[in-house]
Amino acid sequence: MSFSLKKFDYNLLAIGASILFILIFIFKIHPESILVSDNQRKMIQAQALIDSNFQSESSTCPALKDLGQCSYFHRGRGDLPTRVVGVFPVAFSLVASIFGLLGNYSLLYYMSLILFLISISILKFRSGVSWIGILALTLGPCFFHSMAFPDYAITFLLTTILVSFYDKPASSFLVNGLVGFLCGLAIFFRPENIFLPFFLGAFQLIDFFLNRNSNDKEDFDKSRLVILICSGLAVITFVIVNYSLYDSVLGTRIAGNSQKLLTQERNKTLSLLLFANGRIGFLLFSPWIILAFFLFVLKFRTMEKKFKFLLMASFFSLVAIVLFAPNDANLDWGTRYLSWISVPIVLLTFSENSKKLLLEFGRKIKISAITLLCLSIAVSLIYMTVQIQYSKAFIKYNTWLKNQKTEITVVQQPNIEILYGQEILHRKVLFPDRREDPKKFVQFITPKVSIIDLVRYEPSTTALLESYGAPPEEEDYVPGSDYRLEQEFKQNGWKEVSKQRLEKVEIVTLER
């Protein structure tokens, strides 16, 4: 067996770059900084399960027991049903509740890291993906999304298992069935991941009926069909569970977004795929995937059947998600709705069997591929820099807010509320409905407390944000609500005793 120093150096470079990138990320990004926005709400649901002895995902708001209970908690999301009801799927709430019982939800960050490392290990050591393929995943959107969204990390792992076993099924039908069912459970966490096994299953069933009498394994392999059928059984389980819990076969998350499905806003599509709304889409974050699709289309006739199906299923999954995605995934670059499609494309491009096809292309194509991969790495480095700055800013604001001595805090901006992270579970933070007459809230709170903090953006930042108009996700947006609330307090005998400011946020302390 010959040894190539050039190949060794190439792999060593990929390994070193992947390890260095991960180490820089975990040492620079504070675990607490992931507990914002959707993650903060999922954490609240998980804590609600714990507080209710696993009977409800709707919080009873114990920190606000004497302040209207849930009337002014977390933007007014505080109904008290007798069944398990939540905005996000219950499966992740159950997982997150483990860390709630441990007393620290930021440990989810380390769970995500472990799941990502397991995922790329499966691709490397079971599926034979080269180190450059592992580098493409590590320095691509999949790593960022795994670390920022623990539910994504779970489904990323399940997707890698599915793709690995689809490529190389186990010898036992029982193992294949269990793997298929396990991977199908991804729908409980992130429904969009079910498109890949759905399309693979459709192609395999068509192939089954066309070749059911064939003895040629290349014509048909029943092992893969077992994996995909059992994945479908997991989807049926999802339907049954959701109907029993929510009286809805789709569950709360899908049903809640149903009115946004099949929306065709130009900005949404551009933001998901390329660039719009101040964020980079999937194909611009990982432009090498465009080239990979193109090259495999050129070599489609000579590809193994399993790879043909995997390529088609990946493409149709991408199209379906762009059609059905309720939004453009907000602030994350590369969009977590689509980035997991990198997994089958990496296996197609960087596994031993499939990359032989790519070696047939000339030097210009290879240079183009390296250039596009380097561009993807450059985008990753820029995005990591942005995330590091964001994490530092979050910790700065979070520490400042937690160190305030006033017992009662009033917030009317969601982007300020998220700065409390998991402290929102224990601190008396009230969020009055901005559409409500401020007089009603002042009359409610005045007999109960004698001093409060109003936390808001400082005037110039407020003016800048209001010049952009109402954010589409904030249905209760009312310009100037913070200042009208302050005026209402002062008209009812409250006086300003201090004002603090930390860059873009200020705290006005009022006393009566």
Side-chain angles (χ1 to χ4, degrees), residues 21-44 74-75 104-110 112-113 141 143-150 152 277-280 285 328-336 379-406 409-427 429 431 453-468 471 473-474 477 482 499-509:
F21 186 81
I22 291 174
L23 288 175
I24 291 173
F25 189 92
I26 61 177
F27 282 113
K28 291 291 186 178
I29 304 294
H30 197 287
E32 191 80 19
S33 64
I34 71 167
L35 299 176
V36 299
S37 300
D38 284 354
N39 284 343
Q40 189 184 51
R41 297 179 188 179
K42 294 169 187 175
M43 175 191 66
I44 290 171
H74 198 61
R75 303 181 67 187
N104 190 351
Y105 286 99
S106 66
L107 293 174
L108 284 163
Y109 180 83
Y110 299 104
S112 297
L113 175 62
F143 175 70
F144 289 108
H145 297 154
S146 292
M147 296 304 295
F149 305 98
Y152 179 97
N277 300 332
R279 60 188 69 94
I280 291 175
F285 201 125
D328 60 0
N330 298 322
L331 296 179
D332 59 310
W333 290 15
T335 177
R336 59 191 181 277
V379 173
S380 290
L381 294 175
I382 294 170
Y383 189 47
M384 182 169 70
T385 302
V386 171
Q387 292 300 298
I388 290 172
Q389 294 304 314
Y390 168 80
S391 178
K392 288 180 178 178
F394 173 86
I395 295 303
K396 179 170 56 180
Y397 284 117
N398 181 260
T399 302
W400 181 56
L401 292 171
K402 287 194 297 186
N403 288 337
Q404 299 303 311
K405 303 301 182 183
T406 306
T409 303
V410 178
V411 177
Q412 284 199 294
Q413 296 291 341
N415 287 338
I416 292 179
E417 186 186 35
I418 66 175
L419 296 176
Y420 285 92
Q422 61 182 322
E423 186 72 9
I424 198 77
L425 298 172
H426 315 292
R427 201 173 187 90
V429 179
F431 196 110
D453 279 343
L454 298 181
V455 185
R456 65 195 185 197
Y457 290 115
E458 53 85 31
S460 60
T461 303
T462 298
L464 178 63
L465 292 173
E466 291 183 353
S467 69
Y468 295 143
E473 68 276 10
E474 294 184 24
Y477 175 79
D482 297 307
K499 181 180 289 186
Q500 307 173 58
R501 181 175 296 178
L502 179 61
E503 297 181 3
K504 297 179 180 180
V505 177
E506 69 177 15
I507 299 176
V508 179
T509 302

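None of these values were measured; they are calculated from a predicted model. Both backbone and side-chain heavy atoms feed into the values below; hydrogens, waters and symmetry mates do not.
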Drop me the distance from [X]'s [atom1] to [Y]'s [atom2], to the nearest 0.5 angstrom.
X	Y	atom1	atom2	value
Asn104	Tyr109	CG	OH	13.5 Å
Arg501	Tyr457	CZ	OH	14.0 Å
Asn39	Ile44	CG	CD1	11.0 Å
Thr409	Arg427	OG1	CZ	5.0 Å
Lys42	Tyr105	NZ	OH	14.0 Å

Item to complete: Validate the cation-pi geometry between Arg336 and Tyr152: distance from NZ or CZ to the six-membered ring centre under 6.0 Å, angle to the ring axis within 45°.
Response: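 Relative to the ring axis of Tyr152, which defines the angle, Arg336 lies outside at least one limit.
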Worksheet item: Who pairs with Val379 by side-chain contact (heavy atoms from CB on, under 4.5 Å), at least two apart in sequence or on another chain?
Response: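 Partners of Val379 by the side-chain contact (heavy atoms from CB on, under 4.5 Å) criterion, ordered by chain and then number, come out as Ile280, Phe285, Trp333.
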Item to complete: I would like to know whether Ile22 and Leu113 meet side-chain contact (heavy atoms from CB on, under 4.5 Å); could you show each step before the answer?
Response: CA-CA 9 Å; Ile22 291 174; Leu113 175 62; 3.9 Å; yes
Worksheet item: Step by step, would you call Ile507 with Gln404 a side-chain contact (heavy atoms from CB on, under 4.5 Å)?
Response: CA-CA 9 Å; Ile507 299 176; Gln404 299 303 311; 3.6 Å; yes
Practice prompt. Using only heavy-atom distances, determine whether the side chains of Asp482 and Gln413 contain a donor-acceptor pair under 3.5 Å.
Written response: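 Their side chains do contain a donor-acceptor pair, which is all the 3.5 Å distance test asks for.
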Fill in: Pair Glu417-Gln40, side-chain donor/acceptor within less than 3.5 Å
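No.
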For residues 27-35, which side-chain donor-acceptor pairs fall under 3.5 Å, sequence neighbours excluded?
| unit_1 | atom_1 | unit_2 | atom_2 | d |
| --- | --- | --- | --- | --- |
| His30 | ND1 | Glu32 | N | 3.0 |
| Glu32 | OE1 | Gln422 | NE2 | 3.0 |
| Glu32 | OE2 | Gln422 | NE2 | 3.3 |
| Ser33 | OG | His30 | O | 2.6 |
| Ser33 | OG | Ser391 | OG | 3.3 |

Applying side chain to side chain donor-acceptor pair (under 3.5 Å), name anything that partners [X], two or more places apart in sequence or on another chain.
X	value
Gln389	none
Asp453	Thr406, Thr509
Thr461	Glu458
Lys499	none

Worksheet item: Of all residues at least two apart in sequence or in a different chain, which pass the salt bridge (Lys or Arg N to Asp or Glu O under 4.0 Å) check with Lys504?
Response: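 With sequence neighbours excluded, Lys504 shows a salt bridge (Lys or Arg N to Asp or Glu O under 4.0 Å) to no residue whatsoever.
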Discussion item. So does Ser146 get a backbone contact from the side chain of Ser112, meaning a donor-acceptor N/O pair under 3.5 Å?
Written reply: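 Yes; judged by distance alone, with no hydrogens or angles, the pair exists.
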Practice prompt. Output yes when a side-chain donor or acceptor of Asn398 lies under 3.5 Å from a complementary backbone atom of Phe394, and no otherwise.
Written response: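 Side chain of Asn398 to backbone of Phe394, a donor-acceptor pair under 3.5 Å: no, none is there.
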Kindly indicate whether the side chain of [X], heavy atoms from C-beta on, has any atom under 4.5 Å from the side chain of [Y].
X	Y	result
Ile424	Ile418	no
Ile26	Leu23	yes
Phe144	Ser380	yes

Worksheet item: Hey, mind stepping through Glu503 and Lys396 against side-chain contact (heavy atoms from CB on, under 4.5 Å) and telling me if it holds?
Response: CA-CA 10 Å; Glu503 297 181 3; Lys396 179 170 56 180; 2.6 Å; yes
Discussion item. Applying ring-ring contact (aromatic ring centres under 6.0 Å, His included), can you list everything that pairs with Phe143, at least two apart in sequence or on another chain?
Written reply: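 For Phe143, the residues satisfying ring-ring contact (aromatic ring centres under 6.0 Å, His included) (neighbours in sequence not counted) are Phe21, Phe25, Phe116.
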